[in-house]
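The block underneath contains the structure these notes are about, expressed in structure tokens.
All of these numbers come straight from a predicted model, not from anything done at the bench.
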Amino acid sequence: MFPKYDVIVVGAGHAGCEAAHAAAKMGSKVLLCTMNMNTIAQMSCNPAMGGVAKGQIVREIDALGGMSGIISDKSMIQFRMLNRSKGPAMWSPRSQNDRMKFAEEWRLALEQTPNVDFWQEMITGVLVKDGRITGVKTGIGIEIQSKSVILTNGTFLNGLIHIGEKQFGGGRTGESAAKGITEQLVSLGFEAGRMKTGTPPRVDGRSLDYSKMEVQYGDDNPEKFSYSDETSPIKEQRTCWITYTNKDVHSTLEEGFDRSPMFNGRIQGLGPRYCPSIEDKINRFAERDRHQIFVEPEGWNTVEIYVNGFSTSLPEDVQYKAIRKIAGFENAKMFRPGYAIEYDFFPPTQLKLTLETQLVENLYFAGQINGTTGYEEAASQGLIAGINASLKVQEKDPFLLKRSDAYIGVLIDDLINKGTEEPYRMFTSRAEFRLLLRQDNADLRLTQLGYDINLASQERLDKMLHKKKETARLINDLKQKKLSPEQINKGLETIGTAEIREKIAVEKLLKRPQIGLNDIMILDEEMDQFLSGFEPEVREQAEVQIKYDSYIEKEQQMVEKLSNMENYKIPLKFDYLNIPALSNEGKQKLNKIKPETLGQASRISGVSPADLSILTVYLGR
């Protein structure tokens, strides 16, 4: 009935879709297994992509040849570049999306990808022989053979939904939990744990009074995620709104605390620190009179509204009573209540940097099964797992991203070396080289790497090389072109920066924080004509590189200094337990994680500088 596949992907969420697409595009025969073909790529929580650090990840996925950026562009209803008032390392693209359109575009993309087959059924176990994966087993007992398997089960592994004192099994509302896989993996020696996440109620937009809320428009000149020509910036955008909770809302919510699964101990798993439930917020920040609520449309043509900031597992009657005390929600009609969900995960210290498990060869984990939260974090892991599963089947070298290469590299390095005891979310602060890892240069950093593994197309590579060449040409021209006091002093005074006394190179003028290329185009007609000959992304790239040249150079020097440790390989079967001088904690952590390089060993929690020195001596021997 089934051929033998190269890669079987279990789960069709953001991680599973990216994994299946990447592996198939690289030439592997792929089977994507899902419990419901109608929920492929469903946005289980808020209908949005990107945000702080997450937007950088979407751009990185796109630069490598993944699909999240393209799908986001095609289903976008609003675009905002966050943190524009800060430096470019903090700029983060974010889109509001049409939930149904997003899922439809992903399904169509996968159906149009050669080498992808589909199977709708619960997977209850994996097939393992002599420590190596051989396939999967389905709920009705079918065994499907495969050279590798990627598990992307999301919140479905023994999922348990909580609404007040009610609890029932489920992977998300209206869908069954997945059973059998956790128990089998534990029997094979894997360590498992429990985490929780939550979602807010959905309401009828027709019942809200938007006049009592603050309007949140999209950007005047919206951008997009994908570097490809396959998509274009949206011409029309939907509006979002902001409102706030108040003391009455908080008091009403507190009335239900005795029936809250979070406070009475029924929920055992740890929730996301940076996306707490509304009851957690008013408990932890009792001094605050109000909390922000984002009112987000679920799509172009639906009246359903996502109440961002009101995630809760309180009883539905308490939710309903409290939400109607929010400004603009006085007559709100609820489509469904919010809920919390507990699910199994596997501490990611049990993985290699390729996301292959240490215990079972050719078995990969990606997404929330590794303890992460967020569509973007999941999608990036799926991409890396799909790439590496395909490469291993083809007997090629693994694909690894360093911390200095991409936010994706930071994410995976953090998970493998530090683990996580709560749902992991990416932030710009986690990346020590964030000035190098900007959202505007993901193509310059990663497209060549994606092309080299047959994932990014020739057109992508040509477009990136053109941008790189044009940026270098513009920077060189700006060093040569000079402006005189007569041309620009009047304009400089208007901008609020010091006048010049003699001719100055445009490149030197751009070092001033108050001035950008757009200002120079306004100040001088000749420069306007010259700069108009370059694409906007080339102008932006040149400006950033000129303004932050010395800072970028310092970060690159730091990367080079640390790269020596990354190049120092550690044998896979190195015996840490027989080095008496190592601390006991160092021995245990090194033996468990089995770092591949001295650099990786240095980032493992519990490995001290003294342990590192001792290890260096032994490796030298």
Would you mind reporting whether [Y] and [X] have side-chain heavy atoms less than 4.5 Å apart?
| X | Y | result |
| --- | --- | --- |
| Val30 | Tyr5 | no |
| Thr420 | Pro347 | no |
| Ile61 | Phe225 | no |
| Gln145 | Leu127 | yes |
| Lys4 | Ser146 | no |
| Arg194 | Asp344 | yes |
| Pro595 | Leu590 | yes |
| Arg434 | Val410 | no |

Should the pair [X]-[Y] be classified as a salt bridge under the 4.0 Å nitrogen-to-oxygen rule?
| X | Y | answer |
| --- | --- | --- |
| Glu356 | Lys392 | yes |
| Lys29 | Asp6 | no |
| Asp62 | Arg460 | yes |
| Glu361 | Lys352 | no |
| Asp405 | Arg445 | no |
| Lys54 | Glu377 | yes |
| Asp414 | Arg603 | no |
| Asp440 | Arg438 | yes |
| Lys589 | Glu585 | yes |
| Arg403 | Glu432 | yes |

- Item | For Ala89 against Gln56, the heavy-atom pair lying closest together |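 Taking Ala89 first and Gln56 second, the nearest heavy atoms are O-NE2, 3.6 Å.
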
- Task: Return the minimal non-hydrogen interatomic distance between Tyr343 and Pro423, and the atom names on each side.
- Result: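 Heavy-atom minimum between the residues: OH-CG, 4.5 Å.
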
Assess, by modelled atom type and distance only, whether the side chains of [X] and [Y] contain a donor and an acceptor separated by less than 3.5 Å.
| X | Y | answer |
| --- | --- | --- |
| Gln541 | Gln545 | yes |
| Asn370 | Thr372 | no |
| Asn417 | Gln600 | yes |
| Ser187 | Glu183 | no |
| Gln588 | Asn584 | no |
| Lys137 | Thr124 | no |
| Gln120 | Thr34 | no |
| Thr231 | Asp73 | yes |

Drop me the distance from [X]'s [atom1] to [Y]'s [atom2], to the nearest 0.5 angstrom.
| X | Y | atom1 | atom2 | result |
| --- | --- | --- | --- | --- |
| Leu572 | Gln358 | CG | CD | 8.5 Å |
| Ile387 | Leu401 | CD1 | CG | 7.5 Å |
| Lys418 | Ile593 | NZ | CD1 | 11.0 Å |
| Leu435 | Glu555 | CG | CD | 5.0 Å |
| Arg172 | Thr197 | CZ | OG1 | 13.0 Å |
| Lys573 | Lys594 | NZ | NZ | 11.0 Å |

- Message: Cation-pi check for Tyr424 against Arg430: NZ or CZ below 6.0 Å from the six-membered ring centre and within 45 degrees of the axis, yes or no?
- Response: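 Yes, Arg430 sits over the ring of Tyr424.
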
- Message: Is the terminal nitrogen or CZ of Arg59 (NZ for Lys, CZ for Arg) located under 6.0 angstrom from the six-membered ring centre of Tyr227 and within 45° of that ring's axis?
- Response: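 Output yes; distance and angle both within limits.
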
- Item | Val9, Ile123, Ile8, Leu185 screened by side chain to side chain contact (heavy atoms under 4.5 Å, CB included) with Leu151, the one that passes |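 Exactly one candidate clears the test, Leu185.
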
- Query: Are the ring centres of Tyr576 and Phe574 closer than 6.0 Å?
  - Reply: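 Yes - the distance between ring centres of Tyr576 and Phe574 falls below the 6.0 Å cut-off.
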
- Message: Could you go through Tyr364 and Asn388, starting from their C-alpha distance and side-chain angles, then the distance that decides it, and tell me whether this counts as side-chain contact (heavy atoms from CB on, under 4.5 Å)?
- Response: CA-CA 9 Å; Tyr364 297 78; Asn388 280 306; 4.0 Å; yes

- Is Ser583 reaching over with its side chain to a backbone N or O of Gly586, donor-acceptor style, under 3.5 angstrom?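 Yes: the side chain of Ser583 pairs with the backbone of Gly586.
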
- Message: Please evaluate residues Lys224 and Glu230 with respect to the criterion salt bridge (charged side-chain N to carboxylate O under 4.0 Å, His left out), reporting the C-alpha separation (whole Å), side-chain torsions for both, the decisive distance (0.1 Å), and the verdict.
- Response: CA-CA 11 Å; Lys224 62 193 187 85; Glu230 191 173 333; over 6 Å; no

- Message: Under the ring-ring contact (aromatic ring centres under 6.0 Å, His included) definition, can you give me all pairs with a residue in residues 374-396, not counting sequence neighbours?
- Response: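 Only His14-Tyr375 qualify under ring-ring contact (aromatic ring centres under 6.0 Å, His included).
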
- Message: Check the orientation of Phe365 and Phe346. Use parallel for under 30°, tilted for 30 to 60°, and perpendicular for over 60°.
- Response: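 Rings of Phe365 and Phe346: tilted, as their planes differ by 30° to 60°.
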
- Test side-chain contact (heavy atoms from CB on, under 4.5 Å) on Cys17 and Ile40 and set out the steps. CA-CA 8 Å; Cys17 289; Ile40 287 174; 3.8 Å; yes

- Would you please name every residue forming a side chain to side chain contact (heavy atoms under 4.5 Å, CB included) with Val52, sequence neighbours left out?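 If we apply the side chain to side chain contact (heavy atoms under 4.5 Å, CB included) test to Val52, skipping adjacent residues, the hits are Leu82, Asn83, Ser92, Thr428.
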
